[in-house]
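Everything on this sheet refers to the single structure shown next.
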Amino acid sequence: GAVVSQHPSWVICKSGTSVKIECRSLDFQATTMFWYRQFPKQSLMLMATSNEGSKATYEQGVEKDKFLINHASLTLSTLTVTSAHPEDSSFYICSLQGWDQPQHFGDGTRLSIL
Amino acid sequence: GNSVTQMEGPVTLSEEAFLTINCTYTATGYPSLFWYVQYPGEGLQLLLKATKADDKGSNKGFEATYRKETTSFHLEKGSVQVSDSAVYFCALVPIQGAQKLVFGQGTRLTINP
């Protein structure tokens with residue numbers, strides 16, 4: 001069964017709205033959490049990495065004030081897209097990793113900004 | 001630097017055909033290698049992995065062998081099914097440093113009945 005729960009799976013909202021995406025580990029403690037963005041028919045682009053107890057490390061070109069990441073606990077990470085605009089529309093995927101484990105991916109969130 | 005290059009898609013095959021999706025990599029050191037599969041509208045699922053040279057990863061009829069001499073990790077399946085239709089990603093994790101996955105560009109596979 002699934003070990004990572006990502007919610008919501010699909011969200012449509014108006015431009016200027018802030019959207020929060022949650023990613024939960026269901027049966028293990030996630031010491032490291034990753035957030036990816038995927039454009040249609042393209043590969044995954046790593047946005048940021050967060051380790052337990054520390055702030056997220058953002059990849060070059062990713063605006064940290066735009067994409068707020070909170071590694072709230074060993075089982076929960078959230079990505080908030082602040083003041084979203086149509087160019088932020090994309091498929092966002094989280095992945096979680098525990099000790100001596102491979103990354104487990106969520107099912108993704110399709111974000112559509114009108 | 002670290003990079004992964006995959007066979008360009010899309011790939012379209014008939015059911016029961018033999019599948020090969022090529023993957024080559026560039027890495028400093030000795031990476032671990034992975035194949036992930038993404039079904040429509042879903043996240044990624046780990047299909048198989050290999051952590052050292054000559055290791056063979058296998059799962060659900062798929063196989064890939066870690067070839068250090070050719071820096072390759074080609075994905076194969078002897079007889080594909082319609083349910084194998086998905087996007088396949090080759091990826092690596094450098095042994096040293098953080099556990100960041102480096103993905104190839106993905107190969108879309110469609111199997112026709």
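All heavy atoms count here, side chains included; hydrogens, waters and symmetry mates do not.
Counting non-hydrogen atoms of neighbouring residues, nucleotides and ligands closer than 6.0 angstrom, the CD atom of A:Glu59 exceeds 12 such neighbours. Within a 6.0 Å radius of NZ in A:Lys66, other residues, nucleotides and ligands contribute more than 12 heavy atoms. For B:Glu8, the CD atom sits in a loose shell: 12 or fewer heavy atoms of surrounding residues, nucleotides or ligands are nearer than 6.0 Å. Within 6.0 Å of CD on B:Glu15 lie more than 12 heavy atoms contributed by other residues, nucleotides or ligands. Remark: A:His85 NE2 is packed, more than 12 non-hydrogen atoms of other residues, nucleotides or ligands lying under 6.0 Å away.
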Worksheet item: Yes or no on side chain to side chain contact (heavy atoms under 4.5 Å, CB included) for B:Phe103 and A:Gln38, after CA distance, side-chain angles and deciding distance?
Response: CA-CA 12 Å; B:Phe103 286 96; A:Gln38 185 179 31; over 6 Å; no
Item to complete: Test A:Gln103 against B:Lys100 for side chain to side chain contact (heavy atoms under 4.5 Å, CB included), laying out the working first.
Response: CA-CA 9 Å; A:Gln103 289 187 33; B:Lys100 291 184 183 180; 5.9 Å; no
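Separation of atoms NE2 (A:His104) and CG (B:Leu44) is listed at 13.0 Å; rounding is to 0.5 Å. The distance from atom CD of B:Gln38 to atom CZ of A:Phe105, rounded to the nearest 0.5 Å, is 9.5 Å.
Contacts of B:Gln45 with chain A are absent, with no heavy-atom separation under 4.5 Å from either backbone or side chain. Looking at A:Gln42, the atoms closer than 4.5 Å to chain B (heavy atoms on both sides) all sit in the backbone: N, CA, C or O. B:Tyr39 does not touch chain A: none of its heavy atoms, backbone or side chain, sits under 4.5 Å away. Of the atoms belonging to A:Gln6, not a single heavy atom falls under 4.5 Å from chain B. Interface residue B:Leu46: only side-chain heavy atoms are found under 4.5 Å from chain A.
Remark: the backbone N or O of B:Gly104 is paired with a side-chain donor or acceptor of A:Ser43 at under 3.5 angstrom.
Taking hydrophobic clusters as Ile, Leu, Val, Met, Phe, Trp and Tyr residues chained together by side-chain heavy-atom distances below 4.5 Å, A:Phe91 does not share a cluster with A:Met45. A:Val62 and A:Tyr36 fall into different hydrophobic clusters, where Ile, Leu, Val, Met, Phe, Trp and Tyr side chains are chained together by heavy-atom contacts under 4.5 Å.
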